[in-house]
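Notes to accompany the following structure.
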Amino acid sequence: MIDIRGLREDPALVKELLGRRGVESSIVEELTALDAAYRDAVSARDELRSRVNETSRRVAEAYRNKEAAEAERLKEESRRLGAELEVVAAQATDLEGRRKDLWLVIPNVPSPDAPVGAGEDDNVVVRYWSSDGGSSVEAPDLDYPAHKRVPHWDIGVELEILDLERGAKLSGSMFPLYKGMGSRLIRALTSFALDAHADSFLEIRPPTFVKRETMISTGHLPKFADDAYQMERDDLWAIPTAEVPLTSMARDEILEADQLPLRMTAATPCFRREAGSAGRDTRGLLRLHEFDKVELMVYATPAQAQEMHIEILSRAEALLRQLGLTYRVLDLCTGDLGASSRRTFDLEVYAPGVDRWLEVSSVSWFGDYQARRANVRYRTEPGGGVEFVHTLNGSALAWARVIAAILETGREADGSVTLPPVLTPYLRGAARIPVPEAEI
RNA sequence: GGAGAGGUGCCAGAGUGGUCGAAUGGGACUCACUGCUAAUGAGUUGACCUGGGAAACUGGGUCCGAGGGUUCAAAUCCCUCCCUCUCCGCCA
């Protein structure tokens, strides 16, 4: 949730910044109006409640003084005030609910540093990286031989490591089934990444299904309910990313300043209905209802947040470099920013077979937007006041698309795939995926 | 799933209708004493909403697992739900 006090103080600024991401100023004005009405109602309710309380106190007093008649009279008065209170309180409750409903669906105020733009075409490429060219603001040479211009779904069938038809048989399209080296590759990548972060990130294995409140904390509900899988009977939701459970780890808690920054990492499956993109990218591993991902998440003080943002980004990039994959870093423009985010960098790997840049990581700084929803605070100093923490997270990394890029990038002329050497120790020494011998 | 016990402040723990935001102990913080640490003494110590104030501070309201109800009045009585513990059952 945005800082509603900040909104009261400077509505023009909030309107301006939210306008950059396409939020109508009338919506902000509506929240301002509801907020004012809510506060009036609360004052009226509290004043009346105060009188009821006072009257009740006098009832007790009257009884103590053995003034039964006076007590009866006060009880009658209190009853009358109570009836009045009920009406006023109902109004306050109604306004509070309407204010909260609107408050919850208003997206975060973007960072003034985020590039202004309408949509993904306006994202800014910060840099490219390739194993040949290193880091550069110039796009690398994307000149690949024909044998690398084969889509991973064909490679997957050829090498017998992907069986999307059987995945579809079991669960429907966009639920992949990996086998053999395909399956092992996910395990290897997961171990590789978790080990890479083990120096300073606490490894967590969170639950995969979470309560409604947990989804609300990160901003995935109520607005984006259509994108999530729900177990209706128990009102549990399948996590779309480990960000969801990790961000709620400290929900309703007050952390000590010396615990921050608090870094965590988790490998989990991620579930997405992809409701808005039916029919797009239905082939292969480009867009899936279920995929595995390693996530990094940090609780930080506002002062630490920027530095943590860079640290997460660096870690995600380091993995891609070690895997030898060509990638680029995008600074998302205000129009493409996720609803909860203040600023986001996306990492996209280049997959030569499908000739596309694939998003494999999204590194976001949420400010206190999620912390306010999740009520995660910290004590600024021992015995001092409390403030909301800042939350940040980033994938490091989402494996399905990384695997697509590895297969396409590593494909040799004979059809086998050479794997990134860093994975060899995690693959019982295997350095490549051979072409299966033809059956006789 | 069945039976029982229980959920109170940072922690432990008292409190069965009004004087309870809540005893007491511990912790933490501040001050004093001490060369330092420890010990001792005194004091302070919640979060949230809303109003006043530049601020220090201050008025009102809410919060004793959650939500409803009874009552002039609920931590305390009633109902529903959630969670924890013990035993039984089941199970990887």
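Values below: all heavy atoms of this structure, side chains included; hydrogens, waters and symmetry mates excluded.
Between the CD atom of A:E61 and the P atom of B:A73 there is a distance of 18 Å, rounded to whole Å. Going from atom CG of A:L81 over to atom P of B:G60 covers 17 Å, rounded to whole Å. We find that CD of A:E253 is positioned 11 Å from P of B:C11, with the value rounded to whole Å. Taking atom CZ of residue A:R73 and atom C1' of nucleotide B:A73, one finds them 17 Å apart after rounding to whole Å. One can place NZ of A:K66 at 15 Å from P of B:G18, the figure rounded to the nearest angstrom. The CD atom of A:E256 sits 17 Å away from the P atom of B:G27 (whole-angstrom rounding).
For the pair A:S50 and A:Y63, nearest-nucleotide mapping onto RNA chain B gives the more 5' position to A:Y63. Residues A:A60 and A:T55 both approach RNA chain B. Their nearest nucleotides, taken by heavy-atom distance, put A:A60 toward the 5′ side.
For B:U40 and B:U50, the P atoms lie 44 Å apart once the distance is rounded to whole Å. Nucleotides B:U58 and B:G65, compared at atom P, are 29 Å apart to the nearest Å. Comparing the C1' positions of B:C64 and B:G46 gives a spacing of 13 Å, expressed to the nearest Å. Nucleotides B:G21 and B:A14 have their C1' atoms positioned 15 Å apart, rounded to a whole Å. Separation of the C1' atoms belonging to B:G60 and B:A66 is 26 Å when rounded to the nearest angstrom. For the C1' atoms, the distance from B:U76 to B:U86 is 26 Å, rounded to whole Å. The gap from the P atom of B:C78 to that of B:U71 amounts to 16 Å, rounded to the nearest Å. Nucleotides B:G15 and B:G7 have their C1' atoms positioned 15 Å apart, rounded to a whole Å.
Annotation: cation-pi pair A:R343/A:W365 absent, no NZ/CZ under 6.0 Å from the ring centroid and within 45° of its normal.
Between A:E84 and A:R51 there is no salt bridge, since no side-chain N of the basic residue sits under 4.0 Å from a carboxylate O of the acidic one. A salt bridge between A:R73 and A:E76 is absent, with no side-chain N of the basic residue lying under 4.0 Å from a carboxylate O of the acidic one. Contact check on A:R315 versus A:D199 returns a salt bridge, with a Lys/Arg side-chain nitrogen under 4.0 Å from an Asp/Glu carboxylate oxygen. Taking the charged nitrogens against the carboxylate oxygens, A:E165 and A:K169 have no contact shorter than 4.0 Å, which rules out a salt bridge. Electrostatic pairing of A:R272 and A:D227 does not count as a salt bridge here, judged by no charged N lying under 4.0 Å from a carboxylate O. Comment: A:E387 does not engage A:R379 in a salt bridge, judged by the lack of any side-chain N to carboxylate O separation of less than 4.0 angstrom.
A donor-acceptor pair under 3.5 Å is absent between the side-chain atoms of A:R373 and the main chain of A:T214, judged by distance alone.
Applying the Watson-Crick and G-U wobble criteria (two distances, each under 3.5 Å), B:A73 pairs with nothing in any strand. Summarising the base pairing, B:G9 is matched to no nucleotide, lacking a Watson-Crick or G-U wobble pair whose two defining distances lie under 3.5 Å. Base-pair partner of B:A42: B:U30 (Watson-Crick or G-U wobble, both distances under 3.5 Å). Under the Watson-Crick and G-U wobble criteria, each requiring two contacts below 3.5 Å, nucleotide B:C36 is left unpaired. Taking a pair to require two hydrogen-bonding distances under 3.5 Å in either a Watson-Crick or a G-U wobble arrangement, B:G59 pairs with B:U50. Using the Watson-Crick or G-U wobble rule with both distances under 3.5 Å, B:A66 pairs with B:U80. Shown here, B:U86 forms a base pair with B:A3; the pair counts as Watson-Crick or G-U wobble because both key distances fall under 3.5 Å.
Distances shorter than 4.0 Å separate some side-chain N or O of A:N53 from OP1 or OP2 on B:G61.
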Exercise for the section: Sugar-phosphate means primed atoms, P, OP1 and OP2; the rest is base. With that split, encode nucleotides 46-56 of chain B 5' to 3' as B, S or - using protein heavy atoms under 4.0 Å. Expected result: -SSSSS-----
